[in-house]
Each structure stands twice: as structure tokens, then as C-alpha cells.
Engineer: 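Provided herewith is a single structure, encoded as C-alpha cells, for subsequent inquiry.
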Amino acid sequence: RAFNFINFSERLKSEQNPEYEADFFDIDNPEDIRRYLGTYLPTKIGRFFGIMHKNGITHGYPHTGNISTVGSIYDLDSVSGEKLGLGDEMFSEDYEKDQNTLFFGGDYGTRPRFLEVLGIEGQEAADLQKKSANTLLKSYLESLGGNMDYRLKYAVEILLAKAISSDKYLATVTECI
């Protein structure tokens, strides 16, 4: 159903804008499944959270149960931020939770067991997980906007926040700046 929804949406976009290049998916095509898991879904997730954070809004509970199969966000009751006009601020703990889950704990759609069911195992699964993580980070950083110095500073802050080896995301961070 996710592919049906995406294909419908892509067709509408291309009908409304003849210059738009539609991106269709076929559930029976293994390459489309890999492209969806490695590029499409993490791009959407990164973009949503990047735009939210850029605007001072946090989710607080970004786990696979709160993200749809097309990358939109569920459980908006837990969203906070001054721009919502509800009298609450963007809580730093929620912001940190968002980042920790997105960049260090979330493997949206690329969990090993899930990939195994799809017949994606071993090095191929590891490569797809890495691509998914890098795509999510790149999309997130691009959605923040700003100049390249701002993006680099932000990316380094994310990496240093968990004191992880910069090797994991260095290539993506370099692409984003």
C-alpha cells in the first residue's frame, strides 16, 4: 500500500508540474525496494525532522511506530515548540531524544530481521543500512538550510554529542557542506 500511495502522489505531482520527474516504485522489483529503504524513506524522515527542528519544534518520540511507511510523522500529541502557539517551548530533552533516535538508534525499515525477510542479508544488508543512515543525515542537514558553515557546525555537534567516531558519517557530512 505504501508504494501505491507514493505512486499516486508522484503521478499527481507530475500532472501538476510537467517538469517534475516522478519517482515510481514496484513492489515486485527488488531494486525498487532497496531504493525505497535506502533513499526514499530516509530522505522523507530526515526532511520532516530537519524542518521541524529548524522551526524550533521537536517530536520527542521518533520511533518506527510514530513514522509512517511513507515517511510522515504520527503521534503529533507529543510535538512541542513555541511556534505551535500552545504555550510550550521546544524542550532540549526532546530535541536530544529526537537526535539520538534519528542518528544513533533509528534504522527505519532497515532492521536486520526485516531485511532478512526481504531476502537482503550480509554485506548487502549492511550497505543498505549505511546508505539509509547517510541519506537520513544528509536530508536532515539540507532541510536545516543556512550556509555551509552552519551545516558543518551542526553536523559536528551531532557527532560530538554522542562522542562517536566521525568515520560513520564523515562522507555524508562532507557531501552536505
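It should be emphasised that the depicted structure is a prediction, and the values quoted were computed from it without experimental measurement.
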Engineer: Holding to side-chain hydrogen bond (donor to acceptor under 3.5 Å, both in side chains), I want the full list of residues that pass it with Glu121, two or more places apart in sequence or in another chain.
Structural biologist: none
Engineer: Got a second to check how far Ile45's CD1 is from Ile73's CD1, nearest 0.5 Å?
Structural biologist: 8.5 Å
Engineer: How close do Thr58 and Met52 get, heavy atom to heavy atom, and via which atoms?
Structural biologist: C-CE, 3.7 Å
Engineer: Would you say CD of Glu21 has more than 12 non-hydrogen atoms from neighbouring residues, nucleotides or ligands within 6.0 angstrom?
Structural biologist: no
Engineer: At their closest point, which heavy atom of Leu128 faces which heavy atom of Ile120, and how far apart are they?
Structural biologist: CD2-CD1, 4.1 Å
Engineer: Just jot down the side-chain hydrogen bond (donor to acceptor under 3.5 Å, both in side chains) partners of Ser68, sequence neighbours excluded, or say none.
Structural biologist: Ser72
Engineer: Distance check, rounded to the nearest 0.5 Å: Phe49 atom CZ versus Leu144 atom CG?
Structural biologist: 13.0 Å
Engineer: If the condition is ring pair (Phe, Tyr, Trp, His ring centres under 6.0 Å), which residues does Phe3 pass it with, not counting sequence neighbours?
Structural biologist: Phe25, Tyr36
Engineer: What pair of heavy atoms forms the shortest contact from Lys131 to Thr39, and how long is it?
Structural biologist: CE-OG1, 3.2 Å
Engineer: How long is the straight-line distance from NZ of Lys44 back to CG of Leu136, given to the nearest 0.5 Å?
Structural biologist: 13.0 Å
Engineer: Apart from Ile51 itself, what residues make up its hydrophobic cluster, given side-chain heavy atom links below 4.5 Å?
Structural biologist: none
Engineer: Do Leu37 and Phe24 belong to the same hydrophobic cluster, where Ile, Leu, Val, Met, Phe, Trp and Tyr are linked whenever their side-chain heavy atoms lie under 4.5 Å apart, directly or via other members?
Structural biologist: no
Engineer: Among residues two or more places apart or on two chains, list those pairs meeting side-chain hydrogen bond (donor to acceptor under 3.5 Å, both in side chains) that have a residue in residues 1-10.
Structural biologist: Glu10-Tyr20
Engineer: Say you draw a straight line from CZ of Arg47 to OG of Ser139; how long is it, rounded to the nearest 0.5 Å?
Structural biologist: 5.0 Å
Engineer: Quick one: list whatever passes side-chain hydrogen bond (donor to acceptor under 3.5 Å, both in side chains) with Asp32, sequence neighbours left out.
Structural biologist: Arg35
Engineer: Test of understanding: with side-chain contact (heavy atoms from CB on, under 4.5 Å), list the residues that count as partners of Asp127, not counting sequence neighbours.
Structural biologist: Gln123
Engineer: Between Thr135 and Tyr140, does a side chain to side chain contact (heavy atoms under 4.5 Å, CB included) hold up when you go through it step by step?
Structural biologist: CA-CA 8 Å; Thr135 301; Tyr140 178 82; over 6 Å; no
Engineer: Search all heavy atoms of Val70 against all heavy atoms of Ala2 and return the closest pair with its distance.
Structural biologist: CG1-O, 4.0 Å
Engineer: List in chain and number order the residues that pass side-chain contact (heavy atoms from CB on, under 4.5 Å) with Glu31, two or more places apart in sequence or in another chain; answer none if no residue qualifies.
Structural biologist: Asn29, Arg34
Engineer: Please enumerate all residues that pass side-chain contact (heavy atoms from CB on, under 4.5 Å) together with Glu19, with sequence neighbours excluded.
Structural biologist: Asn17
Engineer: State, to 0.1 Å, how close Pro42 and Ser132 come at their nearest heavy-atom pair, and which atoms those are.
Structural biologist: CB-O, 3.4 Å
Engineer: To which residues is Leu12 joined in a hydrophobic cluster, defined by side-chain heavy-atom contacts under 4.5 Å among Ile, Leu, Val, Met, Phe, Trp and Tyr, whether direct or through other members?
Structural biologist: Phe8
